[in-house]
Structure formats: C-alpha cells, structure tokens
Number of protein chains: 2
Amino acid sequence: MADTPVLDPNLIREVGASCVCMRVQRAGRAIGRRFDQAFRDLKLNNWQFTLLMWLASTEAPSVNDMATQMAMDRTTMTRNLRVLERRGLLAIQPDTRDGRVKRVALTDPGRSLLAQAAQRWRATNEAVKRDIPAAALPGMWEALDAIAPT
Amino acid sequence: MADTPVLDPNLIREVGASCVCMRVQRAGRAIGRRFDQAFRDLKLNNWQFTLLMWLASTEAPSVNDMATQMAMDRTTMTRNLRVLERRGLLAIQPDTRDGRVKRVALTDPGRSLLAQAAQRWRATNEAVKRDIPAAALPGMWEALDAIAPT
DNA sequence: CCTATAATGGTGCATATGCACGTATATGCA
DNA sequence: TGCATATACGTGCATATGCACCATTATAGG
C-alpha cells in the first residue's frame with residue numbers, strides 16, 4: 001500500500017481561516033487594481049506612482065536602495081526602472097565615485113506627471129480608507145510594517 | 001511661461017506616510033517571498049499553495065469562482081491554472097450542463113503535495129505571526145478583509 | 001601591488017498580473 | 001422560433017516578479 005499523506009480537513013479549514021500570506025496578497029491585488037484604475041489615463045500603474053513619489057522625496061538613491069525600500073528584488077527594480085526611463089520620467093546615471101553604482105533621479109516630466117496624479121491618489125486613498133473600519137486601520141498599519149519593515 | 005504643475009513637498013510626505021496601496025503591496029511582496037522559500041523544494045509558490053488549498057475545500061468551482069475568491073483577474077486565473085494542470089495537480093473539465101463553464105478539481109497527486117506542504121505552511125505562518133505585534137493582528141485581518149471582501 | 005572577497009547591477013528564464021478584444025454558449029423577450 | 005444581450009472563457013500584449021547565474025568594480029589583507 002502506498003502511504004500517501006492524507007490531507008486533514010481541519011488543516012484545510014485552518015489555512016483558509018488563518019493564512020496571513022493569502023490575506024495580504026489578495027488584498028494587494030484588489031487594492032492595486034483600484035489604484036491602477038485611478039491612474040489609468042496617465043498611463044501610470046500603482047507601482048510606478050509609488051516609486052516616482054518615493055523618488056521625489058529622496059536624493060538620487062541607488063538601484064539597491066530603491067529595491068530595499070520597496071521590498072522588491074533588485075533585478076525586478078532594474079527592469080521596472082527601464083520602463084520609466086524610456087518614458088523620460090526618470091534618469092539613470094552611473095555614480096561618479098563608485099563605478100558599480102547607478103543613481104536614479106526624477107526628471108521634470110516625471111515631477112509634472114506626479115503632480116497630475118496627486119489628486120487621483122488622494123481621492124482613491126481616502127476612498128479606500130473609508131472602506132476600512134477606522135478602528136482597524138492602526139493595527140493594519142503596524143502589522144504591515146512589521147511584515148515589511150521600512 | 002508653461003504652468004507646469006508643482007509638486008508640493010507636503011504631498012510627498014503625505015503619500016509616504018499614508019499610502020495604503022504602497023503598504024499592502026510592499027508587505028505582499030515580502031510575505032510572498034517568505035512563503036515561496038518555504039515551499040521551494042516542492043516547486044510550489046505561495047500563490048499555488050493558496051489556490052490548491054482552497055480547491056481542497058471546495059466542490060469543483062468554476063474558473064470564475066476561483067478568480068473571484070482570490071481577488072484576481074479571470075484571465076490570470078486561466079493561465080495560472082494551466083501550470084498546475086500540466087503538473088497533474090488539478091484537473092479541468094467542461095461542465096456537463098453549461099458548455100461555457102469549466103470546473104476545476106484537485107487530483108490525488110495534488111492532494112498528496114498539499115499534505116507535504118502543510119507543515120511548512122504552518123511553521124511559516126506561525127513565524128510571520130510572531131513577527132507581528134499580537135494587538136495589531138485583529139485589525140490587520142479586519143482591514144484586509146474590508147479591502148478584498150471574502 | 002596583487003589577489004581573494006564583497007558589493008552592485010544586469011540577463012535568461014519561468015511564472016504572475018491585468019486589460020482589450022475575441023469566441024462560444026446560454027438566456028430573455030418579441 | 002429568432003435575435004439581442006449577458007455570461008464564461010480564451011488570446012495577444014505589456015508589464016511585474018523572483019531566482020540562478022554572470023560581469024564589473026571596490027576593498028581588505030598579505
């Protein structure tokens with residue numbers, strides 16, 4: 001007899017009821033689509049908005065800095081930056097001191113596009129917050145920051 | 001003079017401090033990688049585990065049912081199912097009554113793999129929960145469910 | 001100075017994600 | 001019955017995601 005491991009029905013329920021990964025990922029897809037829609041006419045997606053906005057607040061970070069900040073693989077960052085560079089929204093320059101490092105900076109068109117996106121962001125963010133019970137917000141914030149420390 | 005919209009420094013701070021989308025997505029990437037590592041030797045990723053486990057608890061759902069459950073685009077679901085079907089972990093059959101509908105069911109190899117993955121899931125889920133302040137958990141749960149209702 | 005090691009970033013591959021659009025089937029209404 | 005509409009699903013496209021592996025540059029230790 002093959003002793004195929006048996007799948008415990010209680011386990012199935014446990015996963016459905018308590019899997020943190022599933023909850024976060026599912027919410028991530030849902031909220032991502034919502035912001036994507038808000039930025040659609042600017043041909044921006046939620047990820048690009050976040051990245052450009054962070055860039056606006058930081059002095060010429062390296063690719064590595066950015067990947068860390070976004071909790072993203074470095075190689076993913078490299079490729080995603082390329083899309084924005086092609087559109088002229090940011091510029092990528094080698095560091096003058098360290099030949100390994102590349103530094104990323106927002107361009108004027110990038111800044112301009114961000115300014116256009118700002119109102120859409122605010123409206124969507126407020127709408128999302130309204131859907132979340134106010135008492136639950138601080139807990140969510142703290143928990144998400146624990147999962148991906150700033 | 002071109003009246004290029006100006007990017008308000010206060011806005012930049014506001015986005016960094018309060019963008020729900022960024023927080024959820026960043027945490028999603030981080031936690032996804034963590035579970036991916038736990039399942040790596042089984043050649044499963046976190047998404048596939050979630051999907052197969054949900055399949056184990058549901059009687060032959062349609063592709064649409066599954067996409068809704070996972071808060072995912074229908075066409076993404078179609079394609080992702082294909083990978084698991086190729087590996088024989090699930091079976092896709094046309095509905096006998098409605099020619100448009102396809103129904104998905106877990107196979108024995110799928111069930112067996114899930115049983116192997118179960119302990120890894122539990123250990124990782126517990127570890128993640130330990131990293132989250134206990135008081136923050138219920139709020140996160142409620143908030144994520146509000147963002148992507150079950 | 002020279003070499004071992006570390007740090008930084010890129011490529012190839014596979015899968016994941018969503019939208020616009022297309023096809024096939026079912027259903028409601030004249 | 002016959003057609004308009006709705007529903008379920010698939011394809012083509014572009015981008016996103018991460019891993020294994022590779023190339024280049026910096027740095028520490030002799």
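Per chain, numbering begins at 1; letters A, B, ... match sequence-line order.
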Quick one: B:Asp98 CG to D:dT7 C1', roughly how many Å, whole number?
8 Å
Please confirm whether the backbone N or O of B:Met70 pairs with a side-chain atom of A:Arg29, one donor and one acceptor, at under 3.5 Å?
yes
Heavy atoms only: give me the nearest A:Asn46-B:Gln25 pair and the separation to one decimal.
OD1-NE2, 3.2 Å
With no hydrogens and no angle check, is any side-chain donor or acceptor of A:Thr50 less than 3.5 Å from a backbone partner on B:Met22?
no
Check whether any side-chain N or O of B:Gln48 sits under 3.5 Å from a backbone N or O of B:Asn45 as a donor-acceptor pair, and report yes or no.
yes
Position toward the 5' end of DNA chain C (nearest nucleotide), A:Arg29 or B:Arg100:
A:Arg29
How far apart are the closest heavy atoms of B:Leu114 and B:Ala56, and which atoms are they?
CD1-CB, 4.1 Å
In numerical order, the residues of residues 32-50 of chain A whose heavy atoms come under 4.0 Å of DNA chain C are A:Arg33, A:Arg40
Please name the pair of heavy atoms, one in B:Arg33 and one in A:Met72, separated by the smallest distance, quoted to 0.1 Å.
NH1-CA, 3.7 Å
For DNA chain C, whose closest nucleotide is more 5', that of B:Arg97 or that of A:Ile92?
A:Ile92
Checking B:Thr75 against B:Asp73: is there a side-chain donor and acceptor pair closer than 3.5 Å?
yes
Do any of residues 55-86 of chain B sit with a heavy atom less than 4.0 Å from DNA chain C, and if so which?
B:Met72, B:Asp73, B:Thr75, B:Thr76, B:Arg79, B:Asn80, B:Val83, B:Arg86
Under a criterion of less than 4.0 angstrom to any heavy atom of chain B, what are the 5'-terminal and 3'-terminal contacting nucleotides of DNA chain C?
C:dT15 to C:dA26
Quiz question: by atom type and distance under 3.5 Å, do the side chains of B:Thr68 and B:Asp65 form a donor-acceptor pair?
no
May I ask you to say what B:Arg103 touches in the nucleic acid, namely base, sugar-phosphate or nothing, with a heavy-atom cut-off under 4.0 Å?
nothing
Determine whether more than 12 heavy atoms belonging to other residues, nucleotides or ligands lie under 6.0 Å from atom CD of B:Gln119.
no
Please walk me through it: do B:Arg13 and B:Asn10 pass side chain to side chain donor-acceptor pair (under 3.5 Å)?
CA-CA 5 Å; B:Arg13 273 189 289 277; B:Asn10 288 322; 2.9 Å; yes
If we call it a pair only when both distances are under 3.5 Å in a Watson-Crick or G-U wobble match, what pairs with C:dA30?
D:dT1
Any salt bridge linking A:Asp145 with B:Arg26? Criterion: basic side-chain nitrogen under 4.0 Å from a carboxylate oxygen.
yes
